[in-house]
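Values reported hereafter were calculated over all heavy atoms of this structure, with side chains retained and with hydrogens, waters and symmetry mates removed. The structure presented is a predicted model; accordingly, all values stated were derived computationally and were not measured.
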Amino acid sequence: MRFDTLKKWLLLLILGLLIPQLFAAKIPVIYDSDIGDDIDDTWALGLLLKSPEYDVKLVVGDQGKSEYRAKLFAKFLTRAGRTDIPIGMALDVNATGGGRQSEWVKDFDLASYPGKIHKDGVQAIIDTIMRSEQKITLICVGPVPNIAEALRRQPRIAEKARFVGMHGSVRKGYGGKSTIDAEYNVRADAKACQKVLSADWPITITPLDTCGLVHLTGDKYQKVRNSDDPIAKAIIENYRLWSENKETAENRSSTLFDPVAVYLGLETELCKMETLSIRVDDEGYTRIDPQGKRMEVATAWKDMGAFEDLLVARLTRKAAPAAQANRFRRLAVDEYVDKMKGGWIGQMAGVGWGGPTEFRWQGQIIPEDQMPVWKPEMINQFGQDDIYVEMTFLRTLEVHGMDVSIRQAGIDFANSGYALWHANRAGRDNLRSGIAPPDSGHPQFNAHADDIDYQIEADYSGLIAPGLPNVAIELGEIFGRLMNYGDGLYGGQFVGGMYAEAFFEDNPLKIVLAGLKCIPAQSQYAECIRDVLTWYKKYPDDWQKTWQLIEAKYQDNPDYRRASCDKGDFNIDAKINGAYIVMGLLYGESDMDKTIIISTRCGQDSDCNPANSGGILGTVIGFKNLPDKFKSALNQEGKFSHTPYNFPTLIKVNEKLVRESVLRRGGKSVKDDQGKEVFLIPIEEPKPSPFEQCWEPGPVANSRFTEKEMKQITAVAGMDLSSALVQCAPGWKASRCGADMNPGLYETLHGKKNVLMTHPLDQQTCCILQRKVKLPAGKKSILQLTVGHDPRGDWDLIVKAENQERLKKVIGPQTAKNGWLDIQVDLSDLAGKEVNLQLINQANGWAYEAGLWANIEIKSN
């Protein structure tokens with residue numbers, strides 16, 4: 001399948017037209033709410049999520065009750081399938097505890113929320129606004145101490161946001177009475193509201209004059225109450241718990257103040273809008289005052305019934321038939337299976353063909369005569385880690401379902417039994433040592449967080465998400481967070497997004513553009529892919545020229561290697577290898593051979609990159625239409641290492657999971673006129689993960705596995721030193737020993753014989769030698785150690801007995817004569833007891849932190 005010249009120039013024309021529109025914006029919005037007090041905040045959140053015009057960047061609790069509100073947000077967003085949305089926790093002001101919706105979240109574990117939770121919700125508001133390329137719409141439907149504090153910390157947010165609020169009473173009070181009231185959202189923190197409603201940003205408010213009149217009754221309410229939509233169902237569940245009159249909850253809504261503010265963030269057509277000068281007084285009244293702040297005020301309804309209809313239609317997913325038809329793409333189930341099989345074969349072909357070249361050419365184009373020759377039997381890549389690692393994630397989804405928690409995903413990955421490198425290894429070691437996700441992939445704990453690892457493994461996420469980019473993004477937030485962060489995470493979500501589109505699109509350029517929509521536009525990864533598109537447009541017939549430009553910027557420029565685990569010729573960053581995937585797709589002209597060859601010849605990780613590009617193109621082509629040389633020798637019964645799958649069972653698992661993906665996103669399967677099963681897949685706009693960078697990471701989540709969870713992790717963190725310990729320190733066991741500096745037993749080292757070398761797992765995780773020993777009663781027992789250090793560094797030795805510190809000492813040039821130090825620790829006070837002893841090799845600067853042990857002995861007399 002090759003493009004002719006006309007097709008190539010049409011492709012370039014499309015490129016020129018689509019790149020400027022790639023990031024055409026929805027309305028970026030932050031929702032600040034005292035959810036969990038009045039029920040209308042929950043209705044408003046439902047309307048927000050059901051309004052496709054909005055790009056929800058952050059939801060934040062306000063007015064105290066931080067954990068209660070965060071739990072309500074987290075469970076609601078989980079039900080809605082929107083765990084891509086970050087949650088900010090409220091300032092601890094004004095209110096504590098829970099509320100009438102506490103029952104709904106009593107068993108909900110906030111730590112299970114796979115999305116990001118910001119402990120400092122105010123700072124999250126500031127960061128989201130200041131980092132946005134578009135003006136943020138800040139919808140506030142409660143008291144506003146968060147917003148006042150955000151303005152105090154960073155006044156410039158007023159330059160980059162507009163404020164839409166449910167606040168005040170201008171000419172009418174509660175229930176439409178003719179005298180004004182000190183409306184609750186203002187009165188509850190009048191000082192904060194004074195600051196917010198006088199700030200220098202555009203303001204639109206719905207006071208009680210409009211929002212205080214809205215109720216759903218009769219058929220309108222019944223449609224919401226009886227809806228099967230998960231968002232509508234969650235609203236009614238909460239309303240039934242919140243309502244003090246259970247009969248009322250079955251027949252009508254309470255006053256729906258807050259959804260009006262959500263509506264005004266979109267348009268104002270149904271309201272009478274007046275530009276008024278408003279001043280907030282100390283008692284919480286919003287008074288018309290010539291000296292006040294000028295703002296847009298919804299003072300009356302033009303058509304309140306139309307607003308109610310809109311609210312009901314959105315919450316229950318009712319739409320006109322023509323619009324409904326346009327919301328779905330059709331994909332015959334047998335066509336899905338054929339394309340999905342083609343995707344797996346494409347991966348296997350790419351990794352098998354490029355395998356002999358992996359990292360042999362660093363910063364170089366592989367010479368044409370060094371490209372391996374394809375042989376059909378090379379398709380059987382059952383022992384290839386670039387294939388079987390991602391099947392660990394498939395197995396987790398098969399066993400636990402698409403709603404699996406990130407913590408369960410971490411436990412399963414921690415228990416995997418294969419060798420790993422870079423971000424994968426560091427992430428798994430973190431998990432095994434008790435550092436739960438998402439911290440296992442955070443740069444503070446993982447020096448490889450920007451590496452390629454999740455990008456290698458993300459193929460599965462798109463293969464079970466045809467036309468569903470947000471599934472691929474969400475799976476990245478579950479599985480990619482185990483080992484990656486920032487560009488390292490985005491690489492996998494980009495690849496997953498391309499696969500998702502490849503089921504419906506055969507134009508490689510459009511597939512790349514679809515993948516780009518799945519990651520933050522301001523990321524270096526997105527910048528890199530846009531550069532490749534630009535250079536491809538400029539040099540459509542010279543891939544090596546584009547390669548040289550990539551090399552100059554993303555290999556040689558240190559500004560684009562700030563988080564590289566290696567700053568030399570070796571480059572395992574996700575973004576440059578992602579560029580090589582795209583090179584294969586664009587310059588390969590939809591030909592499988594050419595696509596794999598170009599991605600391979602770009603060098604660096606030259607088996608993983610063609611596996612990705614080959615898999616994406618294989619999805620486009622489908623199994624039936626692939627050249628025979630890529631499938632004729634396939635061993636259908638060959639078993640993928642470390643998995644329960646052969647090729648047929650792998651396909652069955654994908655079939656099972658795709659059905660769950662389609663149903664969870666609001667799609668379904670139907671029969672066509674010939675009785676053929678067809679997926680109706682809802683059209684959705686990608687919702688990228690929040691923007692982050694490995695070299696300027698956000699705060700850690702302080703996420704640790706519980707004791708119960710740790711019991712489920714049977715694998716040991718770090719290297720296995722058991723055979724070495726048998727020879728040099730019988731009875732002792734090692735855990736959390738990192739692989740740096742090649743730990744193990746050395747026959748001679750720095751003048752000593754039979755020396756054990758250990759190394760901390762990472763900067764925060766020490767290596768521990770441990771032993772239980774019964775100290776004889778009535779005798780003096782001494783722990784005798786001979787310890788040393790690498791001449792280029794030092795480390796902290798900590799000795800603990802029964803978890804009580806007995807010694808802490810730096811082992812380095814200033815303390816160890818000739819590199820070695822003899823130490824004695826008196827254990828006599830523990831005579832007659834069985835004692836747990838720990839010898840700890842702890843990092844103190846992360847430079848040559850190896851611990852050397854020439855003698856470990858307990859003497860009693």
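Atom CD1 of I278 and atom OG1 of T286 lie 6.0 Å apart (nearest 0.5 Å). Taken from OG1 in T204 to CG in L264, the straight-line distance is 7.0 Å, to the nearest 0.5 Å. Atoms CD1 and OH, on I35 and Y68 in that order, are 8.5 Å from each other to the nearest 0.5 Å. With values rounded to the nearest 0.5 angstrom, W301 atom CH2 is found 11.5 Å from D209 atom CG.
Remark: D181 does not engage R187 in a salt bridge, criterion side-chain N to carboxylate O under 4.0 Å. Classification of K26 and E685 as a salt-bridged pair fails, no side-chain N sitting under 4.0 Å from a carboxylate O. We find that E53 and R314 are joined by a salt bridge, their nearest charged nitrogen and carboxylate oxygen being less than 4.0 Å apart. Using a 4.0 Å cut-off between charged nitrogen and carboxylate oxygen, D37 and R69 count as a salt-bridge pair. Between E692 and R481, at least one side-chain nitrogen of the basic residue sits less than 4.0 Å from a carboxylate oxygen of the acidic one, meeting the salt-bridge criterion. Between K75 and E237, no side-chain nitrogen of the basic residue sits less than 4.0 Å from a carboxylate oxygen of the acidic one, so the salt-bridge criterion is not met. Using a 4.0 Å cut-off between charged side-chain N and carboxylate O, E527 and R530 make no salt bridge. We find that K57 and D55 are joined by a salt bridge, their nearest charged nitrogen and carboxylate oxygen being less than 4.0 Å apart. Between R153 and D120 there is a salt bridge, with a side-chain nitrogen of the basic residue lying less than 4.0 Å from a carboxylate oxygen of the acidic one.
Between the side chains of E477 and S689, at least one donor N or O sits under 3.5 Å from an acceptor N or O. Between the side chains of T42 and N238, no donor-acceptor pair is found at a separation under 3.5 Å. Side-chain atoms of Q194 and D282 include a donor-acceptor pair closer than 3.5 Å. Side-chain contact check for R407 and T706: no donor-acceptor pair (N or O, by modelled atom type) lies under 3.5 Å. Side-chain atoms of S254 and H215 include no donor-acceptor pair closer than 3.5 Å. Side chains of Q123 and D127: a donor-acceptor N/O pair is present below 3.5 angstrom, by distance only.
At most 12 non-hydrogen atoms from other residues, nucleotides or ligands lie less than 6.0 angstrom from CD of E244. In E67, the CD atom is not crowded: 12 or fewer heavy atoms of neighbouring residues, nucleotides or ligands sit closer than 6.0 Å. Annotation for N245: atom CG counts as buried by contact number, over 12 foreign heavy atoms lying within 6.0 Å. More than 12 heavy atoms of other residues, nucleotides or ligands lie within 6.0 Å of NZ in K687, so this atom counts as buried by the packing criterion. Remark: K668 NZ is loosely packed, at most 12 non-hydrogen atoms of other residues, nucleotides or ligands lying under 6.0 Å away. With a 6.0 Å radius and a threshold of 12 heavy atoms from other residues, nucleotides or ligands, K272 has its NZ atom at or below the threshold.
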Between K65 and D92, is a salt bridge (charged side-chain N to carboxylate O under 4.0 Å, His left out) present by the stated rule, with each step listed?
CA-CA 7 Å; K65 301 184 183 180; D92 286 327; over 6 Å; no
For the pair Y525 and L489, evaluate side chain to side chain contact (heavy atoms under 4.5 Å, CB included) and give the outcome as yes or no after the intermediate values.
CA-CA 10 Å; Y525 195 105; L489 171 65; over 6 Å; no
Report the C-alpha separation of T83 and I478 in whole Å, then their side-chain angles, then the decisive distance to 0.1 Å, and conclude whether the side chain to side chain contact (heavy atoms under 4.5 Å, CB included) test is met.
CA-CA 10 Å; T83 55; I478 296 173; over 6 Å; no
I129/I126 under side chain to side chain contact (heavy atoms under 4.5 Å, CB included): CA gap, chis, key distance, verdict
CA-CA 5 Å; I129 292 173; I126 294 169; over 6 Å; no
Which is it for E296 and R162 under the salt bridge (charged side-chain N to carboxylate O under 4.0 Å, His left out) test, yes or no, and what are the steps along the way?
CA-CA 11 Å; E296 297 301 308; R162 66 174 181 132; over 6 Å; no
Give the intermediate values and the outcome of side chain to side chain contact (heavy atoms under 4.5 Å, CB included) for residues F108 and L72.
CA-CA 9 Å; F108 185 82; L72 285 170; over 6 Å; no
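Judged by distance alone, the side chain of K246 and the main-chain N or O of R240 form a donor-acceptor pair under 3.5 Å. At least one donor-acceptor pair closer than 3.5 Å links the side chain of Y263 to the backbone N or O of L270. Remark: the backbone N or O of S440 is not paired with any side-chain donor or acceptor of Y485 at under 3.5 angstrom. Formation of a donor-acceptor pair under 3.5 Å by the D84 side chain with backbone atoms of E474 is not found in this model. Remark: side-chain polar atoms of T128 are paired, donor with acceptor, to backbone N or O of A124 under 3.5 angstrom. Between the side chain of T316 and the main chain of V312, a donor-acceptor pair closer than 3.5 Å is present.
Take N94 and apply the side-chain contact (heavy atoms from CB on, under 4.5 Å) test, not counting sequence neighbours, and it matches Q63, P145, D189. Remark: E133 pairs with no residue by the salt bridge (charged side-chain N to carboxylate O under 4.0 Å, His left out) rule, at least two apart or across chains. Taking the salt bridge (charged side-chain N to carboxylate O under 4.0 Å, His left out) definition, one finds that R225 meets it with E250, sequence neighbours left out. Here A70 pairs with I87, M89, L110 under the side-chain contact (heavy atoms from CB on, under 4.5 Å) rule; sequence neighbours left out. Residues meeting the side-chain contact (heavy atoms from CB on, under 4.5 Å) test with A90, sequence neighbours left out: S66.
Screening T137, L49, L48 against Y31 for a side chain to side chain contact (heavy atoms under 4.5 Å, CB included) leaves a single residue, L48.
Listed by first and then second residue, the side-chain hydrogen bond (donor to acceptor under 3.5 Å, both in side chains) pairs involving residues 165-175 are R171-E274 (not counting sequence neighbours).
By the 4.5 Å heavy-atom criterion applied to side chains, F76 and V105 are not counted as neighbours. In this structure the side chain of H442 reaches within 4.5 angstrom of the side chain of P697, judged on heavy atoms. Annotation: side chain of P86 is in contact with side chain of H118 (closest heavy-atom distance under 4.5 Å). Considering only heavy atoms from C-beta on, W43 comes within 4.5 Å of L216 through its side chain.
Note: W201 and F163 have parallel aromatic rings, judged against thresholds of 30 and 60 degrees for the angle between ring planes.
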